[in-house]
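Presented below is the structure to which this report refers.
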Amino acid sequence: MLIRPPADFKDCDVTDHGLYLRRREFILGSAGVGAASLIGGSAAQAAALKYSPNRMAIDEDKTPLKDVTGYNNFYEFGTDKSDPALYAKMMKTRPWTVTVAGLCEKTGQYGIDDLIRRFPLEERIYRMRCVEAWSMVIPWVGFPLAKLIKALEPTSQAKYVAFQTLRDPRQMPGQRSDILDWPYQEALRLDEALNPLTLMAVGLYGQTLPNQNGAPIRLVTPWKYGFKGIKSIVRIQFTANRPKTSWNILAPREYGFYGNVNPDVDHPRWSQAKERRIGEFFRRKTLPFNGYGDQVAGLYRGLDARTLY
Amino acid sequence: MARATGTMARRIESGLIWLLCVMPLLILAGQGLTDGLTANPVEYVLRALGVWALRFLCVTLAIGLIARFGLWRRAMVYRRRIGLWAFAYVCLHLTTYILVDQALDWPGIVKDIVKRPYITIGMAAFILLIPLAVTSVNKVRRAMRPRHWLWLHRLVYLIAVLGVVHYYLLVKADHRDPILYGVVILALLGVRLIPRRRGAIK
């Protein structure tokens, strides 16, 4: 079944029901700030996000919200695909600070709402290809990582951007088992991070990002396998050397640094030639770079695609 | 009269066990009717059938021991039936893989069997189960020497271990479930290797 969202959201259409129920708390919290800020709205507090329409539309059906939020991997909340939806409410996403460190001029602590307010939000409808050979089409809301990076002024030595997820077993029950080496870490080459496709997502289907999908802020790199899209980011660091990444630490032969979608390079234990699009019965062919070759293939010119898994 | 109630009790017992054996299929059917097979139903059903096959294999292995230690001697009556149900779940698991997951893409299936160790091992376990299923038919069993039949059916331990390895190899990072099944099977095998008391019925 496909749920098509209306072309134009009214505020009441996109207000998260939980937030609606907590509206008095929200108003109390805003007391003294004045009515103007209520209308202008802090993108993070209000469920409805203001964003410019999608400029990267693809002619494929969007995966229903129920599936995007109910079937995904977020091992911090458990390894079953229904665990994130069940347990992610244990995570508190406000207050939330992102620490910026390493080789840049503007290191420091950034409150999430200040960060989100600084950049105009836009919708991006992207394919998402999991390394487990299933895929979705997801309408994210966010801002290009390039804008944030430019604002942080990396120095000329910076060659990589590393990200870290929150580590707090009280809020993230999955971290009570040593499935991965917590906290989750991911990284991109600086030029990958600056590519216009690379998105810092703060929303989904026009609403604030649900916790299970990586609230309050996550990375989206649609030409890479889903595990590169690190969720619930608390730290961004610019480095000169290639940072360690979580799945690569666990199984270097199976998960490389790049994680570029490539139907010709199989996972050592299973084929990557086809994928099951959620909502479809039979598998479809996987596209090189998940169909984004035009935008990103140039990043890897001169490198052997077989080493870019 | 006592005999009649005895027969009735056994019929009920037998019916209950049959019901328990089809229960996983009823649950899956129920989930199918109530949108409960997750966003990826093919994967879910495939995995569920495989795990149930492994569970039935474990129960089959456990029955011999339950009877041997006198916990429920009549359990032996049901061992063949439960073993055959394990085979049935393996067949359903394999059929789902071939018909639905791979959609009869035979070159893809052959490539999987050759290239993917977990599929190679799973397929080996399936092939090894076939002679066990065939020789479970009474006529065939009677035609065999008991020694040969026993030897052949001890393969079930190897098959169960292959099943666990098959499971272990497909899991991405969280190996707790396959390890649990592995421990259960090795424990059952370990107990089996304890020598029988002298004079015990062979």
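Naming convention: chains lettered A, B, ... in sequence-line order (proteins, then strands); numbering from 1 in each chain.
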Could you look at [X] and say if it's the side chain, the backbone, both or neither that has a heavy atom under 4.5 Å from chain B?
X        : answer
A:Glu280 : neither
A:Ser271 : both
A:Arg269 : both

Do B:Asp105 and A:Lys274 meet the salt-bridge criterion of a basic N to acidic O distance under 4.0 Å?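 Judged by the 4.0 Å cut-off on N to carboxylate O distance, A:Lys274 and B:Asp105 do form a salt bridge.
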Is it the side chain or the backbone of B:Leu170 that comes within 4.5 Å of chain A heavy atoms, both, or neither? backbone
B:Val100 versus chain A, heavy atoms under 4.5 Å apart: side chain, backbone, both or neither? both
Is the A:Tyr75 to A:Trp247 ring centre distance short of 6.0 Å?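 Judged by ring-centre distance (under 6.0 Å), A:Tyr75 and A:Trp247 do meet the cut-off.
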Is the A:Phe74 to A:Phe77 ring centre distance short of 6.0 Å?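 Here the rings of A:Phe77 and A:Phe74 have centres that are less than 6.0 Å from each other.
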Okay, side chain of A:Thr93, backbone of A:Asn211: is any donor-acceptor separation there less than 3.5 Å? no
Name the member of B:Pro117, B:Gly108, B:Ala173, B:Pro41 that forms the most heavy-atom pairs with chain A at distances under 4.5 Å. B:Ala173
So which heavy atom on A:Lys231 is nearest to which on A:Asn73, and how close? NZ-O, 2.6 Å
If you count heavy-atom pairs under 4.5 Å with chain B, which of A:Trp270, A:Phe282, A:Trp134, A:Tyr255 comes out on top? A:Trp270
Within a radius of less than 6.0 Å around CH2 of B:Trp72, do more than 12 heavy atoms belonging to other residues, nucleotides or ligands occur? yes
